[in-house]
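Here's the structure, in structure tokens; my notes come after.
Chain identifiers are assigned alphabetically (A, B, ...) following the order of the sequence lines, protein sequences preceding nucleic acid strands; residue numbering begins at 1 within each chain. From a predicted model like this one, the values you see are computed outputs, not experimental measurements. Just so you know, these numbers use all the heavy atoms, side chains as well, and skip hydrogens, waters and symmetry mates.
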2 protein chains.
Amino acid sequence: MSSNEIRSEIRLSFDHRVIFSENIFSVSNPLLADVLSQTNESTVSVSLFIDGGVVQFNSSLLEKIQNYFDFYSKRIQLVSLPFVVPGGEPAKNDEKLFRELINVMHDAKLCRHSYVLAVGGGAVLDSVCFAASIVHRGIRQVRIPTTVLAQNDAGIGIKNGIDLFGKKNFLGTFYPPFAVINDCFLLLSLNDREWRNGMAEAVKVALIRDPEFFCWIEENADSLVCRDMNAMKILIRRCAELHLRHIELGGDPFERGSMRPLDFGHWAAHKLEHLSGFKIGHGHAVAVGIAIDVIYSCLKKHLSFNEAQRILSCLIRLGFDLGVAELQIAHPITGSLLLLEGLSEFREHIGGKLCITLLSGIGKPLEVDEVDTAIIVKAVHGLIKKQEKVHTSAECSSVLSVQ
Amino acid sequence: MSSNEIRSEIRLSFDHRVIFSENIFSVSNPLLADVLSQTNESTVSVSLFIDGGVVQFNSSLLEKIQNYFDFYSKRIQLVSLPFVVPGGEPAKNDEKLFRELINVMHDAKLCRHSYVLAVGGGAVLDSVCFAASIVHRGIRQVRIPTTVLAQNDAGIGIKNGIDLFGKKNFLGTFYPPFAVINDCFLLLSLNDREWRNGMAEAVKVALIRDPEFFCWIEENADSLVCRDMNAMKILIRRCAELHLRHIELGGDPFERGSMRPLDFGHWAAHKLEHLSGFKIGHGHAVAVGIAIDVIYSCLKKHLSFNEAQRILSCLIRLGFDLGVAELQIAHPITGSLLLLEGLSEFREHIGGKLCITLLSGIGKPLEVDEVDTAIIVKAVHGLIKKQEKVHTSAECSSVLSVQ
């Protein structure tokens, strides 16, 4: 057969950069202009897409950005009016909006050497960058994440996407951005809920990759809750490093084989978000998802009672409400928890066999290819019982006492 | 700045295979089942998308394919009804149809380890594979091209796409297929026009990559026109080799920098297709586009009169009508040829500066970054004058005599 086949190996290499800076839209900070113009001799064309939530809480930001482009007008140029994208998960659940993003990129006559500048939370970055990744088979993207979640997780990866059929990221691509710029000044206007939610992904990645980082989070939980920016900067940077290392060294960055993404706690999280009509934010849902898989790991005797308690206690100290009402939505006829559908949807999205990450210890992920749904239900009931907020370690230990 | 930046290099490697076989849907040929099941232990899920034109001229094909899957049912399984896609460029110009492809892939519950089997001409492969490349961020694709054009060019590359805003491939991705299978039996039912059109891409790639191959085409033009299958198999294989080598060794397979795709003659071709409402097929348009750029190269003294004549004469012997009416469609107010808009649209699609490939000899591409539109118009008028078919070498030389 060899003579009847032409086989070639296509090798690709992308530079992936996450840059940390402050006050990036101040004319005294040339970083953004430098990044955008680094590979071009002439003025580069840029279209700006910005999260409505960011504009709402930073009323002068659009003007500041315009001033910035005016100041650096020899090198960078806005070729379309700033497009304000409604923030949050609705940004990923609106086909008309998605088509509008494409229209704007078309009207701006962007080409593969132009730039889409996406400023916002994870959902806005996901939908804008998905659109940019398919226009002309890929426009360069510079992402400026504006939430904790986006700066430490969603915004710094190489995936994008929109939801369809009620399924998270049903459509999307793997498309490495030209650059990601994390500006901690953008976090100042977050409300407490947004500030907190992003920390769930830090707990997640610490639990499966870096036990020392988990200890650091435990030790610094109070500072983090009190919005100590220096603590938050450390948390975001460590998360970003762990993420990039995973993408770089995991061996399968486009997940075409069976590489697991960093998705501990995510099978339940995706479903909970959907069941709540996206009232539960992604970070919050991930915290609940982690709690379920931690209790399950403990009930299955993979994880010690003590470690499970430490994890739940840490999530509670960070301020997460783990006993959300959506956990108990049942199928009207069969009575089974709708949450459990998340297992098959998760398998379908990743492909191949079911593969769920559990813990055999803090920093010790354990992959299993089957799940005992009766015990999942037991774990969920432990959280449901505590539908009133679980505030103290004592309550946390009573959640675990379902075992 | 270094401490304020995390930089990583993302490396990817894809196997790209083009396999040549015969009668692949006959149960006596296990190739397709082998390819589909090679990485899976259990039965693999497959959804079939097939070109309406192929079904029309191979009335028993769907039954044959069903028999094939029945025979190999332990290893491969059709998980949705075969979906018949209207063939030709309309397949890429119908947003509703595109959405329907996505619906079918959703309803079939395909995952990243399932397969989309796309059987058809270049347009059908382009739209089906674009849909498959964004569902769950990429379903595995096996392409079975059914036209000369698709087997030697469109179907074997790593690009896909659909048209929007009247622009070819405005949306699309780079997505290496799992495998491409070329079956020469599928060419038997092509009409003469389809048989001929695919040869334009062979002339194109020969002119810019392989002068010996161009001589071979000249020598074998009569056999090719008379549908000598052995000659066609040689032509397709050589084309495929040149293409794959370009993707593998060009250094920029996703065209993120400034690598030129193999697009000699294509700026005019894309525009002509659009101006004709896609009545002019892609291959035919490429032949006309080559003729324009050859005459232009000659008028600009890059290419010798003798070589230009040889090329035009070869295209004419292959049966191409070079003086299509669409060449002379003018702007109602300015009177300028609409064809010329193809130059800026071409630049916009590829990105960066205009870059047009000319010839300084057979096998000698010459890239230029500006074009003298007055001389393009002169070249076009040379062809327009011959709006009746240009049949002979004598006529061809009179086209060139506009110089």
Seminar exercise, completed: Only residue of B:V104, B:V46, B:L101, B:L110 satisfying side-chain contact (heavy atoms from CB on, under 4.5 Å) with B:V116 is B:L110
Seminar exercise, completed: For A:R143 and A:A154, the nearest pair of non-hydrogen atoms, with its separation, is NH1-O, 3.8 Å
Problem set entry | For the student: nearest non-hydrogen atoms of B:G122 and B:A150, plus distance | N-CB, 3.6 Å
Exercise. So which of B:G161, B:P176, B:A131, B:S21 has the biggest tally of heavy-atom pairs under 4.5 Å with chain A?
Worked result: B:P176
For this session: Indicate yes or no: does B:K271 engage B:E341 in a salt bridge with an N to O separation below 4.0 Å.
Result: yes
Contact origin within [X] toward chain B - heavy atom pairs under 4.5 Å:
X	value
A:S133	backbone
A:N103	both
A:L164	side chain
A:I158	side chain

Between [options], which residue shows the highest count of heavy-atom pairs closer than 4.5 Å to chain B?
options	value
A:L244, A:V180, A:L171	A:L171
A:R11, A:R137, A:K167	A:R137
A:E9, A:H106, A:E241, A:K159	A:H106
A:S13, A:S8, A:G138, A:A240	A:S8

Problem set entry | side chain to side chain contact (heavy atoms under 4.5 Å, CB included) partners of A:D163, counting only residues at least two apart | A:E89, A:K92, A:N93, A:K168, A:N169, A:F278
Problem set entry | Straight-line distance of B:R237 CZ to B:C184 SG, nearest 0.5 Å | 12.0 Å
Problem set entry | Ring geometry between A:F98 and A:F130 (parallel below 30°, tilted from 30 to 60°, perpendicular above 60°) | parallel
